[in-house]
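Everything below concerns the one structure shown next.
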Amino acid sequence: MAKGSAAMAAAAVLALAALLCAPAAAELARLEHPVKNDGSLSLLVVGDWGRKGTYNQSRVAEQMGKVGEQLDIDFVVSTGDNFYENGLTGTDDQAFEQSFTDIYTAKSLQKPWYLVLGNHDYRGDVLAQLSPVLQKIDSRFICMRSFIVNAEIVDFFFVDTTPFQLKYWTHPKDDHYDWRGVAPREKYLANLLKDLDEAMKKSTATWKIAVGHHTMRSVSDHGDTKELLQLLLPVLQANGVDFYINGHDHCLEHISSKNSPIQYFTSGGGSKAWRGVFQPNEDNLEFFYDGQGFMSLQLDHSQAEFTFYDVNGNVLYQYTRSSLRKTSHLQPSGYVTDE
């Protein structure tokens, strides 16, 4: 890893350690990531990937490496479910290297990876996945429950969405969820929503982007997550968040809101996909691909461009939106290009 990336990773270790020692109600950890010299930023987004290379995970990773080189990406975002089926067993679990280090080997992917936890991660040892010990094995891996990555023109608000889903608490079936550091649920969620609201209100970035594992709006297998619509969405809308990016459904999607400028993007095609489920919801479906792939995002002060790619690296869909803060209005101003 380059010296700059190594320094950022070292700083992230300190921030992560501080977060793990902090009380439940505290300011969200904030990491700083520089933009390019021209003020732009490029990144990849992938989710639901950790299967030791199987279900085309390795093929998706190969294409991510190629696109990452073309775009000269600054970092990678993971939308969770980083390790199937049941997270990690500990910091010495070989699945960490088998599903991450040994798979994402391209030079362009040797950048910081900012990761949230998914429901499958919660079925393992969550504290292991949050541990700075993993960064000693692979310094790219920066995983926390909820945190902020500021890259000058944009604030990314990473949100721990698994505790929102009530069924994991009340009807876990045969699955065990590691609620250490989370229970009791009501207090944890109240503190998290308060911290997010305060942080978003303080943000002066051109773009505000929320990242979580669970779908807020989706037409695939899991569909909409009612707890996120009831509890998290009002906070995003009240604070002018532009985009919500998630995984959970193993597909690629873009859905636009009918009653606000917010746009929903699902990038959960990192490995196992093709569920064959389609269930429309109340918002506007702009794009849906029931298969494997990933997403890129390119940002500058004036516009954001999203691109979806399939497992062969083909461009499936592109969407561009101008900054609402630059144009000083609250109506969607993007245009869509299908390819």
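Bear in mind that the values here come from a model prediction, so they are computed numbers and not experimental data.
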Donor-acceptor pair between Tyr309 and Ser296 side chains, under 3.5 angstrom: yes
Side-chain donor-acceptor pair present, Glu253, Thr266, cut-off under 3.5 Å: yes
Please assess Asp125 against Arg180 for the test salt bridge (Lys or Arg N to Asp or Glu O under 4.0 Å), listing each intermediate value before the final yes or no. CA-CA 9 Å; Asp125 184 342; Arg180 289 176 296 168; 2.9 Å; yes
Mark yes or no for whether Thr215, through its side chain, and Asn246, through its backbone, hold a donor-acceptor pair below 3.5 Å. no
ring-ring contact (aromatic ring centres under 6.0 Å, His included) with Tyr104: of Phe96, Phe141, Phe294, Trp113, only one passes, and it is Trp113
Phe157 side, atom CZ; Asn150 side, atom CG - distance, nearest 0.5 Å: 8.5 Å
Closest non-hydrogen atom pair, Gly181 against Arg145: CA-NH2, 4.1 Å
ring-ring contact (aromatic ring centres under 6.0 Å, His included), that's the test. Do Tyr122 and Trp179 meet it? Break it down for me. CA-CA 8 Å; Tyr122 260 94; Trp179 297 128; 5.2 Å; yes
Side-chain donor-acceptor contact under 3.5 Å, Asp138 with Thr101: yes
CD1-CD1 distance between Ile209 and Ile148, expressed to the nearest 0.5 angstrom: 13.5 Å
Check this for me: does any side-chain nitrogen of one of Arg275 and Asp221 sit under 4.0 Å from a carboxylate oxygen of the other? yes
Could you check if a side-chain atom of Leu233 sits within less than 4.5 angstrom of a side-chain atom of Met216, using non-hydrogen atoms only? yes
Would you confirm whether Asp48, through its side chain, and Gly270, through its main-chain N or O, come within 3.5 Å as a donor-acceptor pair? no
Heavy-atom closest pair, residues Trp49 and Asn82: CZ3-O, 3.2 Å
Got a salt bridge between Lys52 and Asp102, using NZ or NE/NH1/NH2 to carboxylate O under 4.0 Å? no
Which heavy atom of Ser40 sits nearest a heavy atom of Val35, and at what distance? O-CB, 3.4 Å
Hydrophobic cluster membership, with links at side-chain heavy-atom distances under 4.5 Å among I/L/V/M/F/W/Y: are Tyr244 and Leu28 in one? yes
Value for CG (Leu252) from NE2 (His254), rounded to nearest 0.5 Å, stands at 13.0 Å
Please check if the side chain of Ser131 supplies one atom and the backbone of Leu134 the other of a donor-acceptor pair under 3.5 Å. no
Under the 3.5 angstrom rule, does the side chain of Thr161 hit a backbone N or O of His214 as a donor-acceptor pair? yes
Between the main-chain N or O of Ser99 and the side-chain N or O of Gln57, is there a donor-acceptor pair closer than 3.5 Å? yes
Distance check, rounded to the nearest 0.5 Å: Leu324 atom CG versus Lys208 atom NZ? 11.5 Å
Would you give the length of the straight line joining atom OG of Ser139 to atom NZ of Lys111, rounded to the nearest 0.5 angstrom? 12.5 Å
Honestly curious: do Leu196 and Tyr264 fall in one hydrophobic cluster under the side-chain, below-4.5 Å linking rule? yes
Between Val126 and Tyr84, is there a shared hydrophobic cluster once you connect ILVMFWY residues whose side-chain heavy atoms come closer than 4.5 Å? no
Look at the aromatic rings of Phe243 and Tyr319 and report parallel, tilted or perpendicular, splitting at 30° and 60°. perpendicular
Look only at the side chain of Asn312 and the backbone of Asn314, and say whether a donor-acceptor pair between them is shorter than 3.5 Å. no
Heavy atoms of Leu43 and Val77 approach each other most closely as CD1-CG2, 3.8 Å
Hey, does the side chain of Gln263 reach the backbone of Pro261 with a donor-acceptor pair shorter than 3.5 angstrom? yes
Using the ring of each side chain (for Trp, its six-membered ring), is Tyr317 parallel, tilted or perpendicular to Phe287, with breaks at 30° and 60°? parallel
Separation between CG of Asp242 and OG of Ser323, rounded to the nearest 0.5 Å: 6.5 Å
Heavy-atom nearest pair, Asp81 first then Asn119, reads OD1-N, 3.2 Å
Would you call Lys36-Asp38 a salt bridge at under 4.0 Å N-O? no
Quick one about Glu286 and Ser256 (side-chain donor to acceptor, distance below 3.5 Å, no hydrogens or angles considered), yes or no? yes
Return yes if a side-chain donor-acceptor contact under 3.5 Å exists between Ser218 and Asp249, otherwise no. yes
Leu166, Leu231: one ILVMFWY side-chain cluster at the under-4.5 Å cut-off? no
For Ile153 and Asp300, work out which heavy atoms get closest and say how close. CD1-CA, 3.6 Å
Determine whether Phe156 and Phe75 satisfy the following criterion, ring-ring contact (aromatic ring centres under 6.0 Å, His included), listing intermediate values before the conclusion. CA-CA 12 Å; Phe156 288 90; Phe75 55 84; 5.7 Å; yes
SB check Asp283 Lys258 (cutoff 4.0 Å): no
With the threshold set at 4.0 Å, does a side-chain nitrogen-carboxylate oxygen contact exist between Glu27 and Lys202? yes
Counting distance only, does the side-chain N/O of Asp197 pair as donor-acceptor with the main-chain N or O of Leu193 below 3.5 Å? no
Stacked cation flag Arg185 on Tyr188, 6.0 angstrom / 45 deg: no
Show, in sequence, the C-alpha distance, side-chain angles and deciding distance for Tyr289 and Trp274, and conclude whether the ring-ring contact (aromatic ring centres under 6.0 Å, His included) test is met. CA-CA 9 Å; Tyr289 178 69; Trp274 304 108; 5.4 Å; yes
So does Glu305 get a backbone contact from the side chain of Gln318, meaning a donor-acceptor N/O pair under 3.5 Å? no
